Amino acid sequence: MKILVINGPNLNMLGVREPDIYGSQSFAALENFIRASANELGHEVVLFQSNHEGEIVDTIQRAYKNFDGIVINPAAYTHTSVAILDALKAVAIPTVEVHLSDINSRDEFRKFSYVSLVAKKTICGLGFEGYKKALEWF
């Protein structure tokens with residue numbers, strides 16, 4: 001399968017940003033992990049990261065008829081972006097939502113996810129392994 005993996009704002013700061021929550025491994029290490037996991041599972045992946053909501057929406061729209069699945073960690077946009085939700089609805093590509101941390105055990109505002117309204121599965125709190133679980137779902 002051809003799967004688009006989208007990472008949202010501040011994930012490019014992994015290893016620097018709140019290592020007690022997100023771990024000490026870098027974003028490059030995450031991308032290498034995703035590629036290796038996809039290869040092991042026989043999937044083709046395209047990786048995308050942006051700190052900008054509109055770029056994420058544009059990337060989702062471009063995925064239409066070009067990808068079999070989407071794995072998305074919308075990061076902070078999880079809790080705020082109706083635009084990302086609407087883009088995922090529009091393209092109707094099976095989507096798995098991933099979060100490195102357990103958003104349900106953190107701040108109250110982090111417990112609601114717009115993306116979960118369309119995602120076929122949500123995986124939280126497994127760190128990098130959550131991405132592999134998402135790829136396995138496909």
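Quick note: numbers below take in every heavy atom, side chains included, and nothing from hydrogens, waters or symmetry partners. Computed from a prediction, not measured in an experiment: that's the story for all the values here. The residues of the chain are indexed from 1 along the displayed sequence.
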**Student:** For Ala76 versus Pro9, what's the shortest heavy-atom pair and its separation?
**Tutor:** N-CG, 4.2 Å
**Student:** Working to the nearest 0.5 angstrom, can you tell me the gap between Phe112 CZ and Thr80 OG1?
**Tutor:** 10.5 Å
**Student:** Are any of the side-chain heavy atoms of His99 and Pro74 separated by less than 4.5 Å?
**Tutor:** yes
**Student:** Would you say the side chain of Asp68 lies within less than 4.5 Å of the side chain of Ile93, judging by non-hydrogen atoms?
**Tutor:** no
**Student:** Looking at CG of Asn10 and CG of Asn12, how far apart are the two atoms once the value is rounded to the nearest 0.5 Å?
**Tutor:** 6.5 Å
**Student:** Shared ILVMFWY cluster between Phe33 and Val16, side chains joined below 4.5 angstrom?
**Tutor:** no
**Student:** With the side chain counted from C-beta on, respond yes when Val46 and Asn66 share a heavy-atom pair under 4.5 Å apart, and no when they do not.
**Tutor:** no
**Student:** Pair Ile6, Ile84 - check side chain to side chain contact (heavy atoms under 4.5 Å, CB included), show working.
**Tutor:** CA-CA 11 Å; Ile6 300 172; Ile84 290 173; over 6 Å; no
**Student:** Could you tell me the separation between the CD1 atom of Ile72 and the OG1 atom of Thr78, rounded to the nearest 0.5 Å?
**Tutor:** 7.5 Å
**Student:** Once rounded to the nearest 0.5 Å, what's the spacing between atom CZ of Phe138 and atom NZ of Lys120?
**Tutor:** 10.0 Å
**Student:** Mind checking whether Ile56 and Phe48 have side chains closer than 4.5 Å, heavy atoms only?
**Tutor:** yes
**Student:** Quick one: closest heavy-atom pair of Ala75 and Gly8, and the distance?
**Tutor:** CB-C, 4.0 Å
**Student:** Under 3.5 Å, side-chain donor or acceptor atoms of residues 125-136 against the rest of the protein: list the pairs with distances, not counting sequence neighbours.
**Tutor:**
{"residue": "Tyr131", "atom": "OH", "partner": "Asn7", "partner atom": "OD1", "Å": "2.5"}
{"residue": "Tyr131", "atom": "OH", "partner": "Asn73", "partner atom": "ND2", "Å": "3.1"}
{"residue": "Lys132", "atom": "NZ", "partner": "Glu40", "partner atom": "OE1", "Å": "3.4"}
{"residue": "Lys132", "atom": "NZ", "partner": "Glu40", "partner atom": "OE2", "Å": "3.0"}

**Student:** Is it the case that one hydrophobic cluster holds both Leu47 and Met13, taking links as side-chain heavy atoms less than 4.5 Å apart, direct or via other members?
**Tutor:** no
**Student:** How long is the gap from CG on Asp86 to CD on Gln61, to the nearest 0.5 Å?
**Tutor:** 10.0 Å
**Student:** So, for Ser113 and Ser116, which heavy atoms are closest and what is the spacing to 0.1 Å?
**Tutor:** O-OG, 2.7 Å
**Student:** Quick check: do Lys2 and Phe67 have side-chain heavy atoms less than 4.5 Å from each other?
**Tutor:** yes
**Student:** List for me each residue that meets side-chain contact (heavy atoms from CB on, under 4.5 Å) alongside Leu85, sequence neighbours excluded, and say none if there are none.
**Tutor:** Lys89, Tyr114, Leu117, Val118
**Student:** Distance check, rounded to the nearest 0.5 Å: Leu11 atom CG versus Glu31 atom CD?
**Tutor:** 10.5 Å
**Student:** Looking at every non-hydrogen atom in both residues, tell me the closest pair between Ala87 and Val57 and how far apart they are.
**Tutor:** CB-CG1, 4.0 Å
**Student:** With side chain to side chain donor-acceptor pair (under 3.5 Å) as the test, would you mind laying out the steps for Gln49 and Asn51 before giving the verdict?
**Tutor:** CA-CA 7 Å; Gln49 188 278 326; Asn51 296 316; 3.2 Å; yes
**Student:** Is the closest side-chain heavy-atom distance between Val71 and Trp137 below 4.5 Å?
**Tutor:** no
